[in-house]
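Here's the structure, in structure tokens; my notes come after.
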There are 4 protein chains.
Amino acid sequence: MIIVFKPNVSKKDETAVLREIKRLGYRPHIMRGVARTVVGAIGDELTHKSLESLVTLFPQVVESVMPVQKRFKLVSREAHPANSTIDVRGIVIGGRKIQIMAGPCSVESEEQLLGTAEAVKAAGATILRGGAFKPRTSPYEFQGLGERGLKLLAKARRETGLAIVTELLSEDHAEMVAHYADIIQIGARNAQNFQLLIAAAKTGKPILLKRGLSTRIEEWLLAGEYVLSNGNPSLMFCERGIRTFETYTRNTLDLSAVPIIKNESHCPIVIDPSQGSGRADLVIAMCKGAVAMGADALLIEVHPNPAEALSDGAQQLAPLAFARLMAELKPFIEAVGRE
Amino acid sequence: MIIVFKPNVSKKDETAVLREIKRLGYRPHIMRGVARTVVGAIGDELTHKSLESLVTLFPQVVESVMPVQKRFKLVSREAHPANSTIDVRGIVIGGRKIQIMAGPCSVESEEQLLGTAEAVKAAGATILRGGAFKPRTSPYEFQGLGERGLKLLAKARRETGLAIVTELLSEDHAEMVAHYADIIQIGARNAQNFQLLIAAAKTGKPILLKRGLSTRIEEWLLAGEYVLSNGNPSLMFCERGIRTFETYTRNTLDLSAVPIIKNESHCPIVIDPSQGSGRADLVIAMCKGAVAMGADALLIEVHPNPAEALSDGAQQLAPLAFARLMAELKPFIEAVGRE
Amino acid sequence: MIIVFKPNVSKKDETAVLREIKRLGYRPHIMRGVARTVVGAIGDELTHKSLESLVTLFPQVVESVMPVQKRFKLVSREAHPANSTIDVRGIVIGGRKIQIMAGPCSVESEEQLLGTAEAVKAAGATILRGGAFKPRTSPYEFQGLGERGLKLLAKARRETGLAIVTELLSEDHAEMVAHYADIIQIGARNAQNFQLLIAAAKTGKPILLKRGLSTRIEEWLLAGEYVLSNGNPSLMFCERGIRTFETYTRNTLDLSAVPIIKNESHCPIVIDPSQGSGRADLVIAMCKGAVAMGADALLIEVHPNPAEALSDGAQQLAPLAFARLMAELKPFIEAVGRE
Amino acid sequence: MIIVFKPNVSKKDETAVLREIKRLGYRPHIMRGVARTVVGAIGDELTHKSLESLVTLFPQVVESVMPVQKRFKLVSREAHPANSTIDVRGIVIGGRKIQIMAGPCSVESEEQLLGTAEAVKAAGATILRGGAFKPRTSPYEFQGLGERGLKLLAKARRETGLAIVTELLSEDHAEMVAHYADIIQIGARNAQNFQLLIAAAKTGKPILLKRGLSTRIEEWLLAGEYVLSNGNPSLMFCERGIRTFETYTRNTLDLSAVPIIKNESHCPIVIDPSQGSGRADLVIAMCKGAVAMGADALLIEVHPNPAEALSDGAQQLAPLAFARLMAELKPFIEAVGRE
């Protein structure tokens, strides 16, 4: 930790702060600068108490306290310099091939799901997405089919060979969702619901962790740390748009998350342009950008009839538009030297 | 719903959209304006499918779709024109008296908790706050004492008569937390964890619902709707700061939430200036503002020794500072005509 | 400056960075911590080149660079420990009396302006606000009366004795606006238009500097530094709401700016609740909060007939509502021990 | 305009609002819905007064007022369905070829500028960027060489044939900057400095308009409208990152601006990844994304020795890194079918 003193601190005050730093287990190291005195407090920040309370304890003396260590460990590149890959029924995420996860926002019926599954498979997707439990802003909106939706997803897997990714909403459903799903999705609203992350991690299934609406990169990595530190090495991060002042799009898709996650972590990075833009007509451009910037997979909402969708109709692509997207993506996938 | 057409739409396209609006259960009503044609789709938005997918379905025709109904019902002033009050062991929240909830961020030990409880009671607080389960950004930080912390809170209640507010983190602990607590707090990170809200609501205990870091007012009211629509009428909203671009404070306390919640809802509004500012030295000013603007209660972090705190030391007040705050608040409480 | 190294840096790389630090005029001071090596670069950050480029120059070696000095000087409390006051025609801003600046968003006509001036004076305002040059989002909106508006303001001053605050939009008008105005307002959109700040400062008139929509506190103070460092000591800061994700209000009024500016600077702080909330019905509550938190003045939009207003009708108070506001503010002004 | 009434409005109140709507020049059209009565006010919103003040005038009656017309005209696709192109000394922006604008953040010396100009030309750039007037957050930072910098830019043009883009900061310098520059840049801090936009437009030179830190898409388009409505058809928009809560990068580059500007406007769109990311190591990935998504040009900071830079060292690329970037971009430029 670095402790910056205010100007003109008395010797007595300085001694009191140094004593406190030592009492909390750090070794203080004083640097007298031109305009400020700065103290380096030497000690492991991850095992010692934070010194940030010094600002409150000594308001006349301490101007600011800055940590120097990164707080995440297991998800970091330092811990695992090579890229991690995740093998889901033979489909490898984080490898040379860019994987496409596609399907409806919500599972609504057998006809809707199987029709979509076949269409996205035909266009080149390898993983089927679909929500059986839906987190809805209002209690009066469609909340998903629950276990019946999970069973339909399993049926679609049997019939198409696609792997399944679906959202887990409740700790109480962790076992059930893990029973049916190949990848467990943690949604944006639960990105810092740590009890849910722990429950999901403990199922042993690969976890797709969406970024929260206002989750900073460091906090997102630390949320991922909850998965790895609970014994589950199969984590992928998924950027889906952050909340900003802009109202033209529902969220602002932060594509810089792709190179940043690649820099900081060994875990694969997935881009969800459907939630990000909230508009089907922007999805195609977003996918091209994501691929060009190095995303390992895309998560795309496809619905046989968006106008009929029970949730988020505005952002789902029709199968034809999805097939066109897949065709248009090809040159970009080649340009990044992937498949 | 209001559907705005693009300019120069053909008769054929218009008919197709009108047909779709009817098929989804609305009665279309056309207004031909100077620059745009606008369709009012008449029907209950809360029971019919959204028309927002028209933008995707007819991208050449439909420019935008705007809902006209408010989506929240039970929490609204319209549903309950008078202010609601919540009676917790004889302490009334939402009435003439401004209630002060104070105590440590985390319950750490019997000595720490009881010492704080006595100090805040002596200074005029009526409700003791303290976290037994702590949501921490990093898995390597102190996660709370769990049930042992709840037992200490119960002991502090027995010894001081203060009511208890404490956070619920996990659906699995709903019964347990309800057994010990008088008010169940839902934290900012779980503000849209709807399963947790439902579990909390079903215990029947009063719920203090914090605003999420990037939760809009409407979404916050709708999250509250999950409590009331699950049979629990005892809801209070708690503003604790939103996430903005500003880095001087940890969050930006949005005090306008006080008059806005009062306008839109009958439920009491509580202000938490400690989380909001992240700096003990701003807490006093924030409390004065909150009281002046009409807050029903304040939630303030107090720790016998902030430097020793296992969590969030920088923002906790020492008992002496808290007593001074209580004294300084008096003229403002009188100025709003409350006690 | 503090330079944090990545883990496991070679001796050779370390030497290269230290050499660069010296070359840029700083004296490096090495601290070997448990997990990281940290270098304190001793030297005046305000006169030396920034070391932030070390991150780019030595991407494999340097993890981060953190400045330790505050970048503002003349506006800081350190430079001038007592509160500054500004005397405008005998009206003192920053003293014991809370000053009320009120008037229409735009000057529209003699009748409108003089009517408003008399009404706000009768209710207790001491300074008349009114825009003669209006910064409008669209070129098709009313842009203000220009010099004719300034003349009307001067006439209103003659007839009522109120001082005048009005916005300067263009460097070319600095002389002209200074000729008529008692206080020159720099609007939010121009908060970092440094050429305009310099031109305004050089007129010698007191400057009211609004915070930009996304200006951080430090940047705002530095913008103020442009005024003081150009020889004008009469600066007041004005918070008017920042841009956030919230859409219920037009902006989010950040009332924490009051105690923060008071902590960091000696300059008076003014609150503009009209722009902040964008809704006349929230203005009263905002004013109470601002007064309670220590604001030195309020800037309030009042229009004889808001529905007729040529700009921003929704947020202007009618004279009757303004008079009621003034009456309701009294107990809060007394509660802070001011007049 | 659409006016939404509150529930249970009396006949008398309704009549009063309708009268006011008519008085302001609109023809009201009533729709009685299930839960709300909605009034369509028919009339040209661009030439009539806004009805937004109805919320303030009739607070018990009117719940909300929503405009239906887009406020921008000349920049819109509707006004000019084909893409606009801008010809600068034979270099066409907005055509098949993606143009690369590169050079130092600030012009610092002849050696620095000419060295960079030759290097970026050799690597394939066609336009030289460089600031002669620099908007700096602090008055104590390097403010640019002024006209001497402009002369160096002109010299670099003579020697390399590159066109010149440079920032205009002051209305008073519009003539001077136009004399030397081929494209006038309006920076982010001045994105809504309308007087500067008008002065720049009137020089007749092509304008590169950066998006402000918190400028919404609609506001950005309207700022562009100031250029076109002042008789200058040569406008390009430049996205350079918006301000969000994220602190890992200096700004959040909003690449969705590319397809959105392409949808809404005929003007070319340029991406500045250097300001956007604030980190040279993210620039390459950003450029790939921008090209893939359809950007017409890139604006990239290149400095012969970033550590020596007088401004923003951390985000400037060295010439070698720039050359590598240009090579890596090739397959993506081909993938979008451009040159």
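A note on names: the letters A, B, ... follow the listed sequences, proteins ahead of strands, and every chain is numbered from 1.
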Discussion item. For the interface with chain A, which of D:Val258, D:Asn263, D:Val291, D:Ile260 has the highest count of heavy-atom pairs at distances below 4.5 Å?
Written reply: D:Ile260
Worksheet entry | NZ/NE/NH1/NH2 to OD/OE distance under 4.0 Å, A:Arg211 and A:Glu219 | no
Discussion item. So does D:Cys267 get a backbone contact from the side chain of D:His80, meaning a donor-acceptor N/O pair under 3.5 Å?
Written reply: no
Worksheet item: Which one of D:Lys288, D:Arg216, D:Met293 has the most heavy-atom pairs closer than 4.5 Å to chain A?
Response: D:Arg216
Worksheet item: Between D:Thr244 and chain A, which part of the residue has a heavy atom less than 4.5 Å away: side chain, backbone, both or neither?
Response: side chain
Practice prompt. With chain A as the partner chain, list the residues of residues 328-339 of chain D whose heavy atoms fall under 4.5 Å from it, by residue number, and write 'none' if nothing qualifies.
Written response: D:Pro331, D:Phe332, D:Ala335, D:Val336
Worksheet entry | Option in D:Ser256, D:Gly294, D:Ala257 with maximal non-hydrogen atom pairs under 4.5 Å from chain A | D:Ser256
Worksheet item: Are D:Arg36 and D:Glu63 ion-paired here, with the side-chain N under 4.0 Å from a carboxylate O?
Response: yes
Worksheet item: Is the closest side-chain heavy-atom distance between A:Ile300 and A:Ser274 below 4.5 Å?
Response: yes
Worksheet item: Got a donor-acceptor contact below 3.5 angstrom from the D:Glu239 side chain to the D:Gly241 backbone?
Response: yes
Discussion item. Can you confirm whether the side chains of D:Arg189 and D:Thr137 place a donor and an acceptor under 3.5 Å from each other?
Written reply: yes
Practice prompt. Look only at the side chain of A:Glu246 and the backbone of A:Tyr248, and say whether a donor-acceptor pair between them is shorter than 3.5 Å.
Written response: yes
Worksheet item: When heavy-atom pairs shorter than 4.5 Å are enumerated against chain D, which of A:Lys262, A:Glu218, A:Arg243, A:Glu264 gives the highest number?
Response: A:Glu264
Item to complete: Ignoring hydrogens and angles, tell me if any N or O in the side chain of D:Ser229 forms a donor-acceptor pair with the backbone of D:Glu225 under 3.5 Å.
Response: yes
